[in-house]
Amino acid sequence: MKGSIGKLMQQAQEMQGKVQEAQEELANMEVTGEAGAGLVKIVMTGKHEVRSVHIDDSVFEEDRELLEDLLTAAMNDAVQKVSTTTQERMSDLAGGMNLPPGMNFPGM
């Protein structure tokens with residue numbers, strides 16, 4: 001029994017290291033959210049920090065409401081991509097361990 005607990009503790013420590021590494025990787029990643037078939041693009045980090053915004057010149061010929069809608073849509077697209085990538089990465093890590101139902105790793 002002692003060997004099983006020791007082995008489980010070792011696996012938990014290894015998994016904690018992998019989770020921390022994945023969290024750092026995810027925080028530093030960049031995704032691009034787009035709207036209007038690429039007329040508006042927002043680059044965002046895994047920490048949801050906006051790095052850049054690109055607005056095609058043609059958008060300025062339209063009304064202000066369209067620009068606001070495109071910016072909102074691009075931002076939401078970037079946030080969704082960060083969320084999806086984070087969930088996928090953490091699920092990949094958890095796939096190797098048999099966690100009890102309802103138990104997740106931090107960041108999931």
Side-chain angles (χ1 to χ4, degrees):
M1 179 115 174
K2 285 184 180 182
S4 296
I5 292 174
K7 186 175 181 178
L8 184 60
M9 292 298 292
Q10 181 182 6
Q11 285 178 336
Q13 287 176 341
E14 289 172 7
M15 186 58 64
Q16 182 180 13
K18 289 179 182 179
V19 168
Q20 287 175 341
E21 182 180 307
Q23 287 173 329
E24 289 174 18
E25 177 184 316
L26 289 166
N28 293 322
M29 78 171 176
E30 290 185 353
V31 300
T32 302
E34 296 185 26
L39 292 175
V40 174
K41 297 178 183 178
I42 294 178
V43 177
M44 179 181 285
T45 69
K47 291 181 181 181
H48 296 95
E49 296 172 348
V50 175
R51 288 272 168 94
S52 67
V53 176
H54 171 76
I55 303 170
D56 189 271
D57 289 338
S58 65
V59 175
F60 294 110
E61 297 170 9
E62 301 295 329
D63 62 11
R64 178 183 176 147
E65 189 175 322
L66 174 63
L67 176 56
E68 290 170 347
D69 289 345
L70 289 172
L71 284 169
T72 300
M75 181 76 71
N76 288 334
D77 185 47
V79 168
Q80 182 61 41
K81 287 178 179 177
V82 168
S83 178
T84 299
T85 303
T86 299
Q87 284 181 324
E88 289 172 356
R89 180 72 168 106
M90 290 303 184
S91 291
D92 289 347
L93 284 175
M97 295 196 65
N98 296 323
L99 298 175
M103 184 175 177
N104 291 324
F105 288 108
M108 288 183 76

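E34 approaches G38 most closely through the heavy-atom pair OE1-CA, 3.5 Å. Considering every non-hydrogen atom in both A35 and A74, the closest pair reads CB-N, 3.6 Å.
In this structure a side-chain-to-backbone donor-acceptor pair under 3.5 Å is present from N28 to E24.
When side chains are defined from C-beta on, H54 does not count as touching V43, because their heavy atoms never get closer than 4.5 Å. Within the 4.5 Å cutoff, side-chain heavy atoms of M90 are placed close to those of L26. In this structure, V79 and H48 have side chains that are in contact, with non-hydrogen atoms separated by less than 4.5 Å. You'll find the side chain of I55 reaches within 4.5 Å of the side chain of L71, heavy atoms only. Considering only heavy atoms from C-beta on, R89 stays 4.5 Å or farther from Q23 through its side chain.
Of the inter-residue distances, the one linking M44 atom CE with E30 atom CD reads 11.0 Å to the nearest 0.5 angstrom. How far CD of Q10 is from CD of Q13: 7.5 Å, rounded to the nearest 0.5 Å. Distance check: K81 NZ to M29 CE gives 11.0 Å after rounding to the nearest 0.5 Å. If you take CE on M9 and OG on S4, they are separated by 13.5 Å, rounding to the nearest 0.5 Å. Note that CD of E25 is 10.0 Å distant from OG1 of T86, once rounded to the nearest 0.5 Å.
Residue E65 qualifies as open at atom CD: its count of foreign heavy atoms under 6.0 Å is 12 or below. Residue K18 qualifies as open at atom NZ: its count of foreign heavy atoms under 6.0 Å is 12 or below.
For the side-chain contact (heavy atoms from CB on, under 4.5 Å) with V40, the lone residue among L66, D77, L70 that qualifies is L70. Exactly one of T32, V50, N76 qualifies for a side-chain contact (heavy atoms from CB on, under 4.5 Å) with I42. That residue is V50.
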